[in-house]
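Notes to accompany the following structure.
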Amino acid sequence: MTNRTAGAQVSGPSPLALAVAGSAAVATAFGMARYGYGLLLPNIQDDLDLGVSTLGLIGTLAYVTYLLATALVSRCIERAGPRAAVGGGGLLAVAGTVVVALADGPVLLGAGVAIAGASAGLVLAPFGDAVHRLPPVARARTLATISCGTGWGVAVAAPIAILSGDAWRTAYAAFAACAALSTLLAVRTLPGRAAKPAAAAAPARGRHRPASTMLVAALLIGLGSATFWTFAVDQVRDAGLDPAAGRILLGVAGVTSLSGLAAADVMARLGARLTFVLTALLEAAAIAMIALAADSLAIVLFAAATFGAAYNTIVAVTVLWGTRIYVDRPSAGVAASTGAQGVGLLLGPLTGGVLAEATSLTTALLVGAAVVAAVALLAPRDDLAHDEPRSPLLGPFRRHRRPGPSDHPTCPNRRGSD
């Protein structure tokens with residue numbers, strides 16, 4: 001690569017600047033504005049005297065608005081640019097958390113949770129286009145880092161919740177302040193308009209098959225994981241542990257989720273299939289541990305650590321998987337993978353709440369664990385890399401192999417360097 005090419009490719013924000021701004025925006029939109037509801041659910045329930053099914057329905061509103069925002073984000077980026085899309089998402093995060101902090105009943109609480117949920121649908125996808133100028137390795141690592149921003153958000157939100165005690169409104173006010181700061185940072189970092197990615201090769205036959213597999217896998221990941229995010233804190237509290245244990249649980253999950261930062265490098269070594277299968281099974285085991293041993297603090301913390309690492313790694317895999325399939329429009333690939341996961345997250349709190357009310361939280365969590373375990377059957381096949389158009393993010397999805405005879409340039413059966 002010539003210096004001129006390299007300079008053109010990295011023009012604009014640096015990988016570090018994009019990683020920091022993207023992680024911060026995702027942290028506040030997902031980890032605080034969206035998942036803060038589950039973190040503070042016990043105190044909200046006690047203060048507002050709401051039933052499990054009502055709380056589950058309110059949680060579902062966040063995913064409805066998230067899906068609506070996800071469906072619109074690609075058009076927002078095309079019309080206004082990534083800066084405006086992320087800025088709009090950040091403002092929704094601030095507004096939603098402020099409304100929740102002022103809620104005195106289910107109507108205002110639901111409105112705030114819905115507004116906050118929409119913010120998450122706007123802040124991640126724009127970075128899919130923003131990182132396309134970067135060299136391939138930096139691009140994959142930066143996008144994986146940004147997609148793990150949820151972990152940072154939960155890691156910061158948990159101490160805020162613990163320090164706030166029963167004052168959940170104070171915690172939401174702190175979330176609003178964090179969202180305002182991260183929005184300012186993202187607006188200062190992102191360009192107003194994204195340059196169009198380089199033209200991609202024509203899609204290979206059967207391309208819809210890996211796309212549909214990715215969408216189904218993402219949907220099931222969201223469906224199963226929603227039971228942990230929504231009901232794990234309640235399960236721990238009902239098992240007799242100190243109320244602070246539930247918040248510590250999510251804090252530990254947030255800290256260990258930062259291991260997803262290495263998702264691109266892990267896939268480069270293990271291959272996408274093995275990485276996907278292992279993380280799905282580990283996440284399922286973690287949810288099952290919360291269901292069956294919520295009265296043991298040691299097991300709860302171990303399960304939280306396992307869940308955080310596995311969940312964010314498998315989400316990073318699906319995000320990178322989406323950008324590979326939609327190589328000509330990376331933001332559309334991010335929106336597709338996160339949108340499908342959002343459908344699962346939409347159904348999860350509602351079905352989980354109904355199931356928990358009819359049986360128990362333990363049963364709801366075990367069903368969620370089973371759904372996540374089933375995702376392992378839909379893992380991406382490493383050899384799909386040979387059938388897809390060349391992508392800057394292809395490397396993390398294939399195993400490294402030694403060159404064979406067919407790779408020799410004079411071999412008539414040589415397939416080409418893919």
Side-chain angles (χ1 to χ4, degrees), residues 31-66 96-117 153-154 157-176 225-251 253-254 287 290-291 294-295 297 300 304 345-365 367-368:
M32 297 183 185
R34 185 175 174 190
Y35 291 137
Y37 176 71
L39 180 67
L40 298 166
L41 191 62
N43 294 119
I44 295 174
Q45 182 179 20
D46 292 342
D47 190 20
L48 300 182
D49 193 24
L50 301 175
V52 174
S53 59
T54 300
L55 293 170
L57 179 59
I58 290 174
T60 300
L61 290 176
Y63 298 115
V64 171
T65 55
Y66 168 74
T97 49
V98 168
V99 171
V100 171
L102 299 174
D104 57 357
V107 175
L108 203 56
L109 177 65
V113 168
I115 295 170
V154 175
I160 291 175
I162 292 172
L163 292 174
S164 300
D166 294 336
W168 60 271
R169 300 177 191 276
T170 300
Y172 260 100
F175 294 166
S225 302
T227 57
F228 178 93
W229 289 118
T230 306
F231 301 114
V233 174
D234 264 359
Q235 175 77 346
V236 169
R237 184 186 65 168
D238 293 348
L241 293 183
D242 187 274
R247 293 171 178 172
I248 295 174
L249 175 155
L250 292 185
I287 298 173
I290 294 293
D295 58 344
L297 181 59
V300 164
L345 291 169
L346 162 66
L347 300 175
L350 180 59
T351 57
V354 172
L355 184 59
E357 206 163 59
T359 56
S360 65
L361 283 175
T362 299
T363 301
L365 286 164
V367 170

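In what follows, residues are counted from 1 in the order of the sequence shown. Predicted model only: the values in this text are computed from it and were never measured.
- Atom-to-atom distance recorded for Leu361:CG and Arg237:CZ is 9.5 Å, nearest 0.5 angstrom.
- Remark: Leu41 CG to Asp46 CG distance equals 9.5 Å, nearest 0.5 Å.
- Put simply, the side chain of Tyr66 never gets that close to the backbone of Ala116: no donor and acceptor are under 3.5 Å apart.
- Heavy-atom minimum distance, Val233 versus Pro42: CG1-CG, 3.4 Å.
- Under a 3.5 Å cut-off, the side chain of Arg169 and the backbone N or O of Ala103 do form a donor-acceptor pair.
- Side-chain atoms of Leu102 and Tyr172, non-hydrogen and from C-beta on, never get closer than 4.5 Å to each other.
- Summarising the geometry, atom CG belonging to Leu40 is positioned 10.5 Å from atom OG1 belonging to Thr170; distances are rounded to the nearest 0.5 Å.
- Counting only distance, with no hydrogens or angles, the side chain of Thr65 and the backbone of Ala62 share a donor-acceptor pair below 3.5 Å.
- Note that the CD1 atom of Ile44 and the CG atom of Leu109 stand 5.5 Å from one another [nearest 0.5 Å].
- Looking at every heavy atom in both residues, Ala174 comes nearest to Ile160 through CB-CG2, 3.8 Å.
- Residues Thr227 and Leu355 form no side-chain contact, since every pair of their non-hydrogen atoms from C-beta on lies 4.5 Å or further apart.
- Checked against side-chain hydrogen bond (donor to acceptor under 3.5 Å, both in side chains), Trp168 has the following partners two or more places apart in sequence or in another chain: Asp47.
- Considering all non-hydrogen atoms of both residues, Ala157 and Gly31 come closest at CB-O, 4.0 Å.
- Within 6.0 Å of CG in Asp166 there are 12 or fewer heavy atoms belonging to other residues, nucleotides or ligands.
- Of all the heavy atoms in Leu108 and Val99, the pair that sits closest is O-CG1, 3.5 Å.
- Atom-to-atom distance recorded for Leu48:CG and Asp104:CG is 8.0 Å, nearest 0.5 angstrom.
- Across all their heavy atoms, Gly348 and Thr351 have their closest contact at O-OG1, 3.3 Å.
- When all heavy atoms are compared, the tightest approach of Ile58 to Gly110 is CG2-CA, 3.9 Å.
- The CE atom of Met32 sits 10.0 Å away from atom OG1 of Thr97, with the distance rounded to the nearest 0.5 Å.
- Among Val236, Ile162, Leu241, the one residue that satisfies the side-chain contact (heavy atoms from CB on, under 4.5 Å) test with Ile248 is Ile162.
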